[in-house]
Amino acid sequence: MTVRVRQLIAGRWRDGTGPRSESRNPARPGEVVADLAVATEPDLDEAVRAAAVAAAEWRLAAMHERAEVLGAAARLLDARAEEYGSELTREEGKTLAEGVGEVRRAAEIFRFNAGEADREAGEIYSSPRRGESIMVVRRPLGVVAVITPWNFPAAIPAWKIAPALVHGNAVVWKPASLVPLLAMRLAETLTEAGLPDGVLSLLLGPGALGTRLVEHPGVAALSFTGSTEVGTRLMQTCARLRKPVQAELGGKNAAVVLADADLDHAAAEVIAGAMRSTGQKCTATSRLVVDAAVEDALLDRVCRLAAGLRVGDGLRPDVDLGPAASADARGEILTAVEGAVAGGAEVLTGRTPYADTERAEGYFVPPTVLRLADPRLAVWRDEVFGPVLSVVRAAGRDEALRLANDSAFGLSGAVFTNDLDFVLRAMSEFKVGVLHVNSETAGADPHVPFGGVKDSGYGPKEQGRAARDFYTHTTTVYLRAS
Ligand code: NAD
């Protein structure tokens, strides 16, 4: 069944004024999931103008009133997790368990942010002058542009929109074109939960519309998640226009397994990190650095687990891995693997595309493990957004840490060891924004900061209490009674 998707502009659900577009099920590309008319610049202008008017009222509401809307949205999402989760699977491809889990995660994120109303909202300092105190109060930015990728169509928008709203901003949101249905579901949930007209607008359209949105004079700031290439261009635009920007970008995350690690546990975690969600996570484990002393023993376990993963339509209960999200995504993954093989990588498992009709027609990619003698290969450096793990051997701890840091990116990392010295060293020297000790590289709880360093992120971190550092500015008040 194809769902007719609409834009949310100035509090009204309506078609965009642009050409028609659709999303398709990546497991069965003949199936159209959603159909819509895309938004254009006049639609964008209407949305931003309405947002500016709505923002002026919304910021005056008590924070507890704003939080009430998020709390109601969380309850609605929980109640509809199965329904929206299966739509997520049909539109993006991840398994049903992952789709439902992601919708529940979005609810959890809304709940955490609703709790902001019960937490401290500023600071008071003593003053060196008698009869004065100094307060730091927080104020919203105004209208914030939110631009999101396709790989977490519910959770990533939720972790941007929820803090933006609770701190009193209005949001104009442009999601990725591959996932319009889930975007509409999230926006519907918020309007049903009681969000006033114009406080959130949803604009579905091509990437270029995102640039126009950021450039619009009514937009005060940008929160972006997506590729390093697009993010860098938008950061330049924001710098030119002197608009605050928060950008979460690509990753090339490494797991380090030392000789003392529990190899069964490490192998299971590494494969979960590399392959879950078909490897289409910014925090996916993409590089494995293994101590030479346990290389064969670990890789034997890793390859057995990878080869045993069941790949198919994510709606089927017996499937571990869905398809890549699009034909382009699959093409890029397969090209990266072939490039690595041409450069001398040894295929330990995977690579060969599926020949059966169902998986040859859908955008399926076999879980692939490559052993590299040369870490200068592109597959070691460039993000491969798919179920591909590249392995390099290290002669001891120093080399392991050096190889783990051998990347332009710095989003997440994992170390598997019980050596406290090495863990302490990794805490200080492994250049990542998220570090896991004896667990996989993916995973981000809503109540703690999330984001990368180096080429993986720019600006204040997301999630947890860190989110308000982006969505508010401080005003320092020197307060005296005359
Ligand atoms: P993308 O950069 O192609 O698109 C992201 C968003 O930007 C989409 O909404 C897209 O329509 C929009 N966009 C594209 N071109 C634009 C332009 N010229 N101007 C303005 N907006 C434009 O990324 P994607 O393919 O949707 O997502 C995959 C990427 O996202 C990967 O690189 C992944 O690592 C990254 N990602 C990072 C994180 C993180 O937190 N660090 C999380 C998830 C995904």
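The first residue of the sequence shown is numbered 1, and numbering continues consecutively from there. Counting convention: from 1, in listed order, for ligands and their atoms alike.
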What residue and heavy atom of the protein are closest to [atom], and at what distance?
atom: atom 24 (P) of ligand 1; answer: Trp150 NE1, 3.5 Å
atom: atom 32 (O) of ligand 1; answer: Glu383 OE1, 2.6 Å
atom: atom 19 (N) of ligand 1; answer: Thr211 OG1, 2.6 Å
atom: atom 10 (C) of ligand 1; answer: Lys174 NZ, 3.9 Å
atom: atom 27 (O) of ligand 1; answer: Pro149 CB, 3.3 Å
atom: atom 36 (N) of ligand 1; answer: Cys282 CB, 3.6 Å
atom: atom 28 (C) of ligand 1; answer: Phe385 CE2, 3.8 Å

Taking the side chain as C-beta and beyond, is there a heavy-atom pair between Leu204 and Val5 under 4.5 Å?
yes
Could you tell me if the side chain of Pro446 sits less than 4.5 Å from the side chain of Gln463, heavy atoms only?
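Touching, per the 4.5 Å side-chain cut-off.
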Per atom 7 (O) of ligand 1, closest listed option by heavy atom (Ile147, Leu234, Asn253, Thr283):
Ile147
Determine, considering heavy atoms only, which of Ala183, Gly226, Ser412 sits nearest to atom 35 (C) of ligand 1.
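Looking at heavy atoms only, the winner is Gly226.
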A cation-pi test, strictly: NZ or CZ of Arg105 under 6.0 Å from the centre of the six-membered ring of Phe112 and no more than 45 degrees from its axis. Yes or no?
no
Contact between [X] and ligand 1, counting heavy atoms under 4.0 Å?
X: Gln280; value: no
X: Pro175; value: yes
X: Phe450; value: yes

Do the side chain of [X] and the main chain of [Y] share a donor and acceptor less than 3.5 angstrom apart?
X: Arg359; Y: Val311; answer: yes
X: Lys431; Y: Val453; answer: no
X: Glu92; Y: Lys94; answer: yes

Short check: is a protein heavy atom less than 4.0 Å from atom 15 (N) of ligand 1?
yes
Are [X] and [Y] ion-paired here, with the side-chain N under 4.0 Å from a carboxylate O?
X: Asp406; Y: Arg402; result: no
X: Glu46; Y: Arg14; result: yes
X: Arg90; Y: Glu87; result: no

Which atoms of ligand 1 have any heavy atom of [X] under 4.0 Å away?
X: Arg233; answer: 18 (N)
X: Leu249; answer: 34 (O), 35 (C), 36 (N), 37 (C), 38 (C), 39 (C), 41 (N)
X: Asn151; answer: 43 (C), 44 (C)
X: Thr225; answer: 5 (C), 36 (N), 37 (C), 38 (C), 39 (C), 40 (O), 42 (C), 43 (C), 44 (C)
X: Ile156; answer: 42 (C), 43 (C)
X: Leu411; answer: 41 (N)
X: Gly210; answer: 20 (C), 21 (N)

For Glu269 and Ser439, does a side-chain donor sit closer than 3.5 Å to a side-chain acceptor?
no
Would you say the side-chain atoms of Lys160 and Thr225 include a donor-acceptor pair closer than 3.5 Å?
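Side chains of Lys160 and Thr225: pair found under 3.5 Å.
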Taking it one step at a time, do Gln280 and Trp150 satisfy side-chain contact (heavy atoms from CB on, under 4.5 Å)?
CA-CA 10 Å; Gln280 299 174 122; Trp150 49 261; 3.3 Å; yes
Decide whether an N or O pair under 3.5 Å exists between [X] and ligand 1.
X: Gly207; result: yes
X: Ser227; result: yes
X: Ser177; result: no
X: Thr148; result: yes

Heavy-atom contacts under 4.0 Å between Lys281 and ligand 1: side chain, backbone, both, or neither?
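Answer for Lys281: neither.
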Enclosure of Arg276 CZ (heavy-atom neighbours >12, cutoff 6.0 Å)
no
Atom CZ of Phe430: over 12 foreign heavy atoms under 6.0 Å:
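More than 12 heavy atoms, drawn from other residues, nucleotides or ligands, come within 6.0 Å of this atom.
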Ring centres of Trp159 and Phe152 under 6.0 Å apart?
no
